[in-house]
Colleague: 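One structure coming up, written as structure tokens, with questions to follow.
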Amino acid sequence: TLTIGGLRGGHSGVEIDKNRANAIKTAAEILSRLEGVKLGKVTAGIADNAIPSNAIITFTSASSIFEISEAINDVKDTLPEGESEAKFNIDMRISSAKLMDTEQSANIITLIREMPNGVTRMSEDIKGLVETSLNMGIIKIDDKTAELTISVRSAKGEEKAKLLATIKEIAEKHGAS
């Protein structure tokens, strides 16, 4: 089990432009560096409009504990400035948890990595105003379902529609709806 905690998080309507790490995206970055990942139970986020600061990911991997630690450290080094309180913990144990196969797991990890997150457009009229953004706020994976909840905001309807179309395209590319 990989536990991520201590990220700053915050409200996506207020802090979305503050370059804060998202625990869901951070977890996907770590897992993408490992071999033969099979996801089990995954939970992160408490609301679609809150930048998730914690995640718990049950998984197996063909990677060694050294390689897992190296992946964590590599990703930790890429976190935005101000995320110095981030904590990563690996708890190794034998479990009877149901796991997805490696292909399903890779599709989910890649989907998360490819999905935009944060500010996608600033206002051309008002300096410093976020015009369009999205927040990957909640992920829940269990033995039956995988659910990712994203909050999309825009001051312009056509920009929101474009962003929703991008989300749909990425989801469908990876077998999600």
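Side chains included, hydrogens not; waters and symmetry mates left out as well; all remaining heavy atoms used. All values derive from a computational prediction rather than experimental measurement.
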Colleague: If you draw a 6.0 Å radius around CG in L129, do more than 12 non-hydrogen atoms from other residues or ligands fall strictly inside?
Modeller: yes
Colleague: Does a sphere of radius 6.0 Å around NZ in K18 hold more than 12 heavy atoms from other residues, nucleotides or ligands, not counting ones at 6.0 Å or beyond?
Modeller: yes
Colleague: Less than 4.5 Å apart, any side-chain heavy atom of P116 and any of I170?
Modeller: yes
Colleague: Measure from the side-chain N and O atoms of K25 to the backbone N and O of N117, and report whether any donor-acceptor pair falls under 3.5 Å.
Modeller: no
Colleague: Is there a path from L31 to L79 through hydrophobic residues (I, L, V, M, F, W, Y) whose side chains come within less than 4.5 Å of each other?
Modeller: yes
Colleague: Give, for atom CD of E85 and atom CZ of R8, the distance between the pair rounded to the nearest 0.5 Å.
Modeller: 10.5 Å
Colleague: If you look at every heavy atom in I4 and L7, which pair is closest and at what distance?
Modeller: CG2-CD1, 4.0 Å
Colleague: Between CG of L148 and CD1 of I108, what distance do you get to the nearest 0.5 Å?
Modeller: 9.5 Å
Colleague: Between I30 and A71, which heavy-atom pair has the shortest distance, and what is it?
Modeller: O-CB, 4.0 Å
Colleague: Write down the atom of S154, the atom of E159, and the distance for their closest heavy-atom approach.
Modeller: OG-CB, 3.5 Å
Colleague: Between R33 and E70 (salt bridge meaning N to carboxylate O under 4.0 Å), is one present in this structure?
Modeller: no
Colleague: Quick check: does any side chain N or O of S64 sit under 3.5 Å from a backbone N or O of E67, one acting as donor and the other as acceptor?
Modeller: yes
Colleague: Could you state whether V130 and M115 fall into the same hydrophobic cluster, counting links through intermediate Ile, Leu, Val, Met, Phe, Trp or Tyr residues with side-chain heavy atoms under 4.5 angstrom apart?
Modeller: no
Colleague: Is there a side-chain contact between T120 and L134 (heavy atoms, below 4.5 Å)?
Modeller: yes
Colleague: So which atom in N107 and which in H174 form the shortest heavy-atom distance, rounded to 0.1 Å?
Modeller: OD1-ND1, 3.5 Å
Colleague: Taking the side chain as every heavy atom from C-beta outward, state whether T102 and V37 have any pair of such atoms under 4.5 Å apart.
Modeller: no
Colleague: Let's go through L34 and F59 carefully: what are the C-alpha distance in whole Å and the side-chain angles of both, what is the deciding distance for side-chain contact (heavy atoms from CB on, under 4.5 Å) to 0.1 Å, and is it a yes or a no?
Modeller: CA-CA 11 Å; L34 306 178; F59 72 101; 3.7 Å; yes
Colleague: Please confirm whether the backbone N or O of G6 pairs with a side-chain atom of S53, one donor and one acceptor, at under 3.5 Å?
Modeller: no
Colleague: For N54 and A44, indicate whether the former's side chain and the latter's backbone hold a donor-acceptor pair under 3.5 Å.
Modeller: no
Colleague: Distance alone, cut at 3.5 Å: any donor-acceptor contact between the side chains of R121 and S133?
Modeller: no
Colleague: Counting C-beta onward and ignoring hydrogens, is there a side-chain heavy-atom pair between I112 and I109 closer than 4.5 Å?
Modeller: no
Colleague: Should I65 and L2 be regarded as members of a common hydrophobic cluster, given that ILVMFWY residues are connected when their side-chain heavy atoms come within less than 4.5 Å of each other, either directly or indirectly?
Modeller: yes
Colleague: May I ask whether I51 and L163 are part of the same hydrophobic cluster, defined by side-chain heavy atoms of I, L, V, M, F, W, Y residues being less than 4.5 angstrom apart, directly or through others?
Modeller: no
Colleague: Kindly indicate whether the side chain of I139, heavy atoms from C-beta on, has any atom under 4.5 Å from the side chain of T43.
Modeller: no
Colleague: So does G13 get a backbone contact from the side chain of H11, meaning a donor-acceptor N/O pair under 3.5 Å?
Modeller: yes
Colleague: Answer with yes or no whether the hydrophobic clustering places V42 together with M92; edges join I, L, V, M, F, W, Y residues whose side-chain heavy atoms lie under 4.5 Å apart.
Modeller: yes
Colleague: With rounding to the nearest 0.5 Å, note down the distance linking CD1 in I68 to OG in S61.
Modeller: 5.0 Å
Colleague: Counting C-beta onward and ignoring hydrogens, is there a side-chain heavy-atom pair between P52 and N135 closer than 4.5 Å?
Modeller: yes
Colleague: For A21 versus T26, what's the shortest heavy-atom pair and its separation?
Modeller: CB-OG1, 4.1 Å
Colleague: How long is the span from the CG atom in N73 to the OG1 atom in T78, to the nearest 0.5 Å?
Modeller: 11.0 Å
Colleague: Test side-chain contact (heavy atoms from CB on, under 4.5 Å) on T1 and I56; report intermediate values, then the result.
Modeller: CA-CA 7 Å; T1 301; I56 300 171; 3.6 Å; yes
Colleague: Could you tell me the separation between the CG atom of D142 and the CG atom of L39, rounded to the nearest 0.5 Å?
Modeller: 12.0 Å
Colleague: Measuring only between side-chain heavy atoms, which start at C-beta, is K156 closer than 4.5 Å to T132?
Modeller: no
Colleague: Indicate yes or no for a side-chain donor-acceptor contact from E83 to the backbone of P80 under 3.5 Å, with no hydrogens or angles considered.
Modeller: no
Colleague: Surrounding NZ of K38 (heavy atoms of other residues, nucleotides or ligands, distance under 6.0 Å), is the total greater than 12?
Modeller: no
Colleague: Can you confirm whether K160 sits close enough to R153 that some side-chain heavy atom of one is under 4.5 Å from a side-chain heavy atom of the other?
Modeller: no
Colleague: Are there more than 12 heavy atoms of other residues, nucleotides or ligands under 6.0 Å from atom CD of E169?
Modeller: no
Colleague: To the nearest 0.5 Å, tell me how far L99 CG sits from S105 OG.
Modeller: 7.5 Å
Colleague: Verify side-chain contact (heavy atoms from CB on, under 4.5 Å) between E124 and E131, making sure each step is shown before the conclusion.
Modeller: CA-CA 9 Å; E124 294 175 5; E131 183 180 280; 5.8 Å; no
